[in-house]
S.K.: 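The following block contains the structure, expressed as structure tokens.
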Amino acid sequence: MGKILNMFLYIFISSFALSYAQSCNNYTFSTNQIYATCVSLPVLNSHLHWNYHSNGTVDVAFRHTGSTTSQWVAWALNVNGSGMIGAQAIVAVTSPSGAVRVYTSDVNSYGTGLEESSLSFDVPRMRAERVNGDLVVYASLVLPNGRTRFNHVWQVGPVNNGVLSMHSMSPDNRNSVGEVDFITGQMRAGGRGGGVSRQRRRNAHGVLNVVSWGVLMPMGAMSARYLKAFNVANPAWFYIHAATQTSAYIVGVGGWATGLKLGSESTGIKHNAHRNIGIILFALGTLQVFALLLRPKPDHKYRSYWNIYHRSIGYCVIILSIVNVYRGLDILDPEKKWKNAYTGIIMSLGVITCLCEALKWFIVVKRKKEEKRTHAGTNGSNGANGYGQSV
């Protein structure tokens, strides 16, 4: 029975692999051109076909399936780097009449409009066509410096009223980078230290800030507000509060620093609200650290003012932290489950806060009633004249 199941599994996998290959290798071009090598790219419904020649040139056909007339399509080699900056792109745009315009563009910033410009290597021939919903870009490239191995980038974006607009920031669009060797035919997703490394830094930035500003900060505030309601938790509540908030600040500084690094590498891409809130959070968090060092003693005449300042800044930090975490999640655009998970954490903390608030007021009211009874009993036992004797 086990052998039969293994056989069916093998047949299924083989059939799946064969059908996947057929979408690339068995494609028939309008000119009946045959390409020796073809690779189906991992994202954006794209395929790369090519013939490498011993004189250091390569004929390529980049094919994007399911293309619409309101999209631009681009494929590029990055000769000296990885990712988008420095990419030497071949861009195809469909006009309202249905004709396809193809041109070259040297991408030198994230804010590029993919303007037409010459590349760092020669492209003697290029053209593009639309066939049954596929947009196919043909080009002959003179590979620079005798190299055959390059990082490459492919992308798809919208066209609005004839103007090329920025592509989506979905995971597929961010991961459309890789490495290609035109001789061996080997293809690797992510390229050499390119998009994958940057994506890891984005993920690290998100995780650090969610954990610090988005979770630890609210928990630290809750420990200060609710633990000190219990006499047995004094002074432990203070050390728990200080340790939690200090840890949150340290981790948050790491997240803030990675955000600055990502921002410096993303010329042309602006997330002003997210960045500005992050700067405000860092400033307020730093003020809270200094406030801890300058905390007056409980009986000091300025202690009440310090308490007002410390709590006000603290609540502002918590509110801004949660808002900025959601802004960051919208920018990072991870799988929906991660945003739902954070929402679940915040809702859980909210429920716990409501329960703790009710418990705290119950304890406070009960304690005040006990103190009144104790005070009244003491006065009664002492008598009206205060010496235990009635007048």
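Counting begins at 1 with the first residue of the sequence. Scope of the values below: all heavy atoms of this structure, side chains included, with no hydrogens, waters or symmetry mates.
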S.K.: Within the 3.5 Å criterion, strictly below it, is a donor on D59 or S140 matched to an acceptor on the partner's side chain?
M.R.: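 The criterion, which ignores hydrogens and geometry beyond distance, is satisfied for S140 and D59.
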
S.K.: Side chain to side chain contact (heavy atoms under 4.5 Å, CB included) for R125 and Y138? Distances and angles first, verdict last.
M.R.: CA-CA 8 Å; R125 292 179 298 277; Y138 303 91; over 6 Å; no

S.K.: Can you tell which of H300, R311, R295 makes a side-chain contact (heavy atoms from CB on, under 4.5 Å) with W306?
M.R.: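 Only one option passes, and that is R295.
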
S.K.: Under 4.5 Å between any side-chain heavy atoms of R303 and N307, yes or no?
M.R.: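 Yes, side chains in contact.
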
S.K.: Between S176 (side chain only) and W154 (backbone N and O only), is there a donor and an acceptor less than 3.5 Å apart?
M.R.: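 A pair under 3.5 Å: yes.
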
S.K.: When rounded to the nearest 0.5 angstrom, what is the spacing between CZ in R63 and CG in L48?
M.R.: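 It is 10.5 Å, given to the nearest 0.5 Å.
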
S.K.: Which heavy atom of H167 sits nearest to which heavy atom of P158, and what is that distance?
M.R.: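 Between these two residues, the closest heavy atoms are CA-CD, 4.1 Å.
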
S.K.: Provide the closest heavy-atom pair for S105 versus V91 in the form atom of the first, atom of the second, distance.
M.R.: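 Reported closest heavy-atom pair: CB-CG2, 4.1 Å.
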
S.K.: Verify whether one side chain among T353 and Y226 offers a donor that lies under 3.5 Å from an acceptor in the other.
M.R.: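 Absent: no donor and acceptor within the cut-off.
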
S.K.: With clusters defined by side-chain heavy atoms of hydrophobic residues (ILVMFWY) lying less than 4.5 Å apart, directly or transitively, does F121 cluster with M126?
M.R.: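 M126 clusters together with F121.
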
S.K.: Starting at OG of S304, measure out to OH of Y309 and round the result to the nearest 0.5 Å.
M.R.: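 Going from OG on S304 over to OH on Y309, the span is 15.0 Å.
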
S.K.: Could you report the tightest heavy-atom contact between S67 and Q71, atom names first, then the distance?
M.R.: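 Nearest heavy atoms, S67 then Q71: CA-OE1, 3.5 Å.
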
S.K.: Check whether any side-chain heavy atom of Y27 sits under 4.5 Å from a side-chain heavy atom of V136, and report yes or no.
M.R.: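 Yes - at least one pair of side-chain heavy atoms lies under 4.5 Å apart.
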
S.K.: Is the shortest heavy-atom distance from the side chain of L320 to the side chain of W213 under 4.5 Å?
M.R.: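 With C-beta onward as the side chain, the pair stays apart.
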
S.K.: Taking atom types as modelled and ignoring hydrogens, do the side chains of S117 and Y103 form a donor-acceptor contact shorter than 3.5 angstrom?
M.R.: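 There is no such pair between these side chains.
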
S.K.: Do W338 and V207 have side chains that approach each other closer than 4.5 Å (heavy atoms only, starting at C-beta)?
M.R.: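 Side chain of W338 against side chain of V207, heavy atoms only: no contact under 4.5 Å found.
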
S.K.: If I compare all heavy atoms of L135 with all of V100, which pair ends up nearest, and what's the gap?
M.R.: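 Closest approach of L135 to V100: CD1-CG1, 3.8 Å.
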
S.K.: Any idea which heavy atoms bring A89 and V107 closest together, and the distance?
M.R.: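 Where A89 meets V107 most closely, the heavy atoms are CB-CG2, 4.3 Å.
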
S.K.: Any idea which heavy atoms bring T104 and S118 closest together, and the distance?
M.R.: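 Smallest interatomic distance, heavy atoms only, reads OG1-CA, 4.1 Å.
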
S.K.: Are more than 12 heavy atoms, taken from residues, nucleotides or ligands other than N272, located less than 6.0 Å from that residue's CG atom?
M.R.: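 Yes, because the 6.0 Å sphere around CG of N272 holds more than 12 heavy atoms from other groups.
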
